[in-house]
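Atoms within a ligand are numbered from 1 in the order they appear, just like the ligands themselves. Since this is a predicted model, take the numbers as computed values, not measurements.
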Amino acid sequence: MFLVGLTGGIASGKSTVSNIFAKLGCPIVDADKIAREVVQPGKPAWHLIMKHFGRNILLSDGTIDRPKLGSIIFADESKRKLLNSCTHPYIQREMLWQIFKYFFQVKFYSTKVSQRSSFYYSGCPSPAGW
Ligand SMILES: CC(C)(COP(=O)(O)OP(=O)(O)OC[C@H]1O[C@@H](n2cnc3c(N)ncnc32)[C@H](O)[C@@H]1O)[C@@H](O)C(=O)NCCC(=O)NCCS
Ligand SMILES: Nc1ncnc2c1ncn2[C@@H]1O[C@H](COP(=O)(O)OP(=O)(O)OP(=O)(O)O)[C@@H](O)[C@H]1O
């Protein structure tokens, strides 16, 4: 199994390339998608962001005002690093978990395929009917 990292600046084509991989049947671990999930109201990263950036970056429903937070962190490297320290441990944990799950799914599938081949070449019928 290959693990391919896809990184790049804003609007560099990450989504375009990952859509091509997805169409080829590759599982995608999407850090931007996970980053949206870990900052939902009440989650640990949301509390940390509140602590460091204050409630004025919240919308009335408690979700993060993304354009507002983006205007703060993309204009100030130290603020971007501060936001990273709030979110990245949770993003990395979820990414590792998804990679782990895909790794075992692929391993399981490969094992089934090789069992089928060996049954075929030895002329034995497969007990599972593959
Ligand atoms: C700052 C936030 C609120 C801006 O949200 P918004 O919806 O306006 O933009 P979006 O998430 O689509 O990001 C726009 C582009 O900036 C990149 N980007 C986002 N955060 C960061 C960051 N901390 N450092 C470098 N690039 C970033 C994204 O990969 C994307 O290419 C949001 O990006 C965020 O919560 N960022 C922190 C989490 C993070 O680091 N995400 C990057 C993937 S791990
Ligand atoms: N090779 C390319 N040549 C020309 N345009 C491209 C190319 N790849 C992507 N684009 C276009 O550039 C724009 C940004 O691409 P895309 O959304 O894939 O970038 P991204 O890195 O995922 O963006 P974001 O930083 O917003 O997450 C899109 O309009 C896309 O169609």
Side-chain angles (χ1 to χ4, degrees):
M1 185 178 87
F2 289 104
L3 184 60
V4 178
L6 189 56
T7 66
I10 293 174
S12 58
K14 301 184 292 290
S15 307
T16 306
V17 174
S18 78
N19 286 339
I20 295 170
F21 278 127
K23 278 186 191 143
L24 291 170
C26 303
I28 306 292
V29 176
D30 186 336
D32 284 338
K33 184 163 171 271
I34 294 169
R36 283 183 158 75
E37 289 160 5
V38 302
V39 298
Q40 288 305 305
K43 295 266 176 91
W46 179 87
H47 284 290
L48 280 174
I49 294 169
M50 282 316 89
K51 187 177 151 198
H52 293 292
F53 291 90
R55 297 191 71 84
N56 56 337
I57 53 101
L58 288 189
L59 294 170
S60 55
D61 63 359
T63 57
I64 286 169
D65 184 339
R66 299 179 67 88
K68 193 168 185 178
L69 183 55
S71 70
I72 296 169
I73 67 120
F74 290 123
D76 183 335
E77 179 67 8
S78 65
K79 295 270 170 58
R80 194 177 67 83
K81 285 186 175 157
L82 180 60
L83 179 64
N84 288 350
S85 71
C86 299
T87 57
H88 283 192
Y90 300 100
I91 296 169
Q92 284 161 2
R93 188 188 300 173
E94 178 60 23
M95 287 178 77
L96 280 174
W97 176 237
Q98 290 191 17
I99 290 166
F100 179 77
K101 281 195 294 187
Y102 284 131
F103 178 78
F104 278 99
Q105 278 172 17
V106 170
K107 271 277 181 214
F108 179 68
Y109 178 72
S110 309
T111 306
K112 279 176 107 173
V113 170
S114 65
Q115 277 177 358
R116 181 180 187 165
S117 304
S118 64
F119 277 123
Y120 176 76
Y121 288 116
S122 66
C124 297
S126 159
W130 298 327

So which heavy atom in the protein is nearest [atom], and how far is it from that ligand atom?
atom: atom 38 (C) of ligand 1; answer: T87 OG1, 3.6 Å
atom: atom 15 (C) of ligand 1; answer: I10 CG1, 3.5 Å
atom: atom 31 (O) of ligand 1; answer: K14 NZ, 2.8 Å
atom: atom 20 (N) of ligand 1; answer: F74 CZ, 3.9 Å

Query raised in the report: Does P41 have any side-chain contact (heavy atoms from CB on, under 4.5 Å) partners at least two apart in sequence or in another chain, and if so, which?
Result: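 Partners of P41 under the side-chain contact (heavy atoms from CB on, under 4.5 Å) test: W46, T63.
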Are [X] and [Y] grouped together when hydrophobic residues (ILVMFWY) are joined by side-chain heavy atoms under 4.5 angstrom apart?
X: I28; Y: V17; value: yes
X: M95; Y: L3; value: yes
X: I10; Y: L6; value: no
X: I72; Y: L59; value: no

Query raised in the report: Any protein heavy atom lying closer than 4.0 Å to atom 36 (N) of ligand 1?
Result: yes
Query raised in the report: Is there a side-chain contact between M50 and L58 (heavy atoms, below 4.5 Å)?
Result: yes
**Report entry** Student check: side-chain heavy atoms of I73 and F53 closer than 4.5 Å
**Finding:**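 Counting from C-beta outward, I73 and F53 do come under 4.5 Å.
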Hey, which atoms in ligand 1 end up nearer than 4.0 Å to a heavy atom of [X]?
X: N84; result: 22 (C), 23 (N), 40 (O)
X: H88; result: 39 (C), 40 (O)
X: A35; result: 38 (C), 41 (N)
X: I73; result: 1 (C)
X: R80; result: 22 (C), 23 (N), 24 (N), 25 (C)

Query - Parallel, tilted or perpendicular: ring planes of F100 versus W97, cut at 30 and 60 degrees - result: parallel
Report task. Report the residues that fulfil salt bridge (charged side-chain N to carboxylate O under 4.0 Å, His left out) with R80, sequence neighbours left out, ordered by chain and then residue number. Result -> E77
**Report entry** Which residues share a salt bridge (charged side-chain N to carboxylate O under 4.0 Å, His left out) with D76, sequence neighbours left out
**Finding:** K79
**Report entry** Shortest non-hydrogen contact from K14 toward G9
**Finding:**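 The pair with the smallest heavy-atom distance is NZ-O, 3.0 Å.
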Requested in this report: Consider ligand 1: state whether an atom of it lies below 4.0 angstrom from any non-hydrogen atom of D32.
Outcome: yes
Report task. Step by step, work out the side-chain contact (heavy atoms from CB on, under 4.5 Å) result for Q98 and I34. Result -> CA-CA 10 Å; Q98 290 191 17; I34 294 169; 3.7 Å; yes
Pairs under 3.5 angstrom, nitrogen or oxygen on both sides, ligand 2 versus protein: list them out, please.
| unit_1 | atom_1 | unit_2 | atom_2 | d |
| --- | --- | --- | --- | --- |
| ligand 2 | 18 (O) | S15 | N | 3.3 |
| ligand 2 | 18 (O) | T16 | N | 2.8 |
| ligand 2 | 18 (O) | T16 | OG1 | 2.6 |
| ligand 2 | 19 (O) | G13 | N | 3.0 |
| ligand 2 | 21 (O) | S12 | N | 3.1 |
| ligand 2 | 21 (O) | G13 | N | 3.1 |
| ligand 2 | 21 (O) | K14 | N | 3.0 |
| ligand 2 | 21 (O) | K14 | NZ | 3.0 |
| ligand 2 | 22 (O) | S15 | N | 2.8 |
| ligand 2 | 22 (O) | S15 | OG | 2.6 |
| ligand 2 | 23 (O) | A11 | N | 3.3 |
| ligand 2 | 25 (O) | A11 | N | 2.8 |
| ligand 2 | 25 (O) | K14 | NZ | 3.3 |

Query - Option whose closest heavy atom lies nearest to atom 12 (O) of ligand 1, chosen from R66, K33, R36 - result: R36
Query - I34 contact mode with ligand 1 (heavy-atom cut-off under 4.0 Å) - result: neither
